[in-house]
Amino acid sequence: MRALRLPAWKTEPELVEVDEPTPGPGQVVVKIGGAGACHSDLHLMHDFEPGAVPWNPPFTLGHENAGWVHALGAGVTGLEIGQPVAVYGPWGCGTCARCRVGVDTYCENPAGAPVPGGGGGLGLDGGMAEYELVPAARHIVPLPEGLDPVLAAPLTDAGLTPYHAIRRSWSKLPPGSTAVVIGVGGLGHVGVQILKATTAARVIAVDNRDDALRLAEECGADLTLRSGERTAEEIRAATGGRGADVVLDFVGVDATLRTGAAAARTVGDLTIVGIGGGTLPVSFFSVPYEVSIQTTYWGSRPELIEVLDLGARGLVRPKTTTFRLDDAMTAYRMMQEGTLEGRAVIVP
Ligand SMILES: [Zn+2]
Ligand SMILES: [Zn+2]
């Protein structure tokens with residue numbers, strides 16, 4: 001079969017011929033229906049150095065995947081060949097306290113995981129291929145009725161990551177509150193939809209691209225602002241001087257973090273989702289009283305089930321552009337240039 005593989009750090013991926021995987025005991029092979037292209041893949045190609053993460057190339061890219069059960073290893077029950085499924089992407093040890101409640105992202109026994117701190121497309125072979133080997137059946141989540149793998153694939157990361165970030169701030173988003181989404185890309189535009197679907201907050205979207213702001217409006221944003229030096233003031237002005245109850249920064253560079261901190265309301269949340277690598281000096285008087293500044297990473301298996309439900313009911317619908325496996329690098333190039341709208345999904 002063909003697979004888009006990252007051969008080494010700081011190289012371009014290559015489309016190559018590899019053997020089809022066969023499932024060992026407890027494992028599942030998924031025929032890929034869609035594999036989302038993630039901005040973090042660009043960091044894998046261009047920025048990561050040996051030692052940055054506890055795993056190394058070569059491996060097949062693609063960490064947001066859905067498709068159909070293709071082959072079951074010995075002892076796997078409860079799944080049927082041909083059944084549409086999503087793949088939960090972070091693969092932990094399966095037995096630590098975190099993994100037991102479905103939070104493999106924060107596995108506390110990484111030495112016992114198939115790869116420490118990674119998963120398919122992140123150290124092990126992912127879904128940018130015709131088939132993906134999933135090392136444990138618990139990572140397979142059946143798709144609810146009415147959800148197609150091409151739409152389900154981006155929900156496993158571009159949906160799950162903002163969902164997890166928003167869900168933990170639900171208590172701060174009652175009617176009358178304001179949520180700000182900074183960066184309306186693959187994750188941010190789904191974040192706007194999730195805020196509208198699961199909270200009563202007013203949603204303000206911020207980006208430096210007109211197309212992205214249009215997309216935010218389509219997704220239900222109540223107000224869109226072009227990012228600049230005055231963005232925080234504009235957010236305050238739009239909230240009667242109070243500021244935003246929750247700021248979700250999907251970019252994470254110095255400028256966006258500064259904007260987020262300056263725009264937050266007392267007792268608000270500033271959540272860093274984007275891996276832009278920026279920093280924010282924090283001291284007692286540098287942010288409004290009792291603002292929580294927090295990072296977040298991907299999401300849990302129970303949350304994936306909830307996101308898939310929102311997707312199946314049409315409440316959350318990532319904007320997707322599909323590419324053939326041969327054109328996967330075009331998708332990444334467009335992402336790099338900022339010309340891609342919504343999420344690119346590779347359909348092998
Ligand atoms: Zn990702
Ligand atoms: Zn674990």
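For ligands, and for the atoms within them, numbers begin at 1 and follow the listed sequence. Since this is a predicted model, take the numbers as computed values, not measurements. Index from 1, following the sequence. The basis for the numbers below is simple: all heavy atoms, side chains too, and nothing from hydrogens, waters or symmetry mates.
A heavy-atom distance below 4.5 Å is found between the side chains of Arg5 and Thr60.
The Zn ion (ligand 1) lies under 2.8 Å from an N, O or S atom belonging to His63. In summary, Asp157 places an N/O/S atom under 2.8 Å from the Zn ion (ligand 1), meeting the contact criterion.
For the pair Asp309 and Arg313, the salt-bridge criterion is met [side-chain N within less than 4.0 Å of a carboxylate O]. Between Asp269 and Arg168 there is no salt bridge, since no side-chain nitrogen of the basic residue lies less than 4.0 Å from a carboxylate oxygen of the acidic one.
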Checklist entry - salt bridge (Lys or Arg N to Asp or Glu O under 4.0 Å) between Asp207 and Arg209: does it pass, once the steps are laid out? => result CA-CA 6 Å; Asp207 203 293; Arg209 301 162 297 161; 3.0 Å; yes
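Of the angles at the Zn ion (ligand 2), the one spanning SG of Cys93 and SG of Cys96 is 110° when given to 10°.
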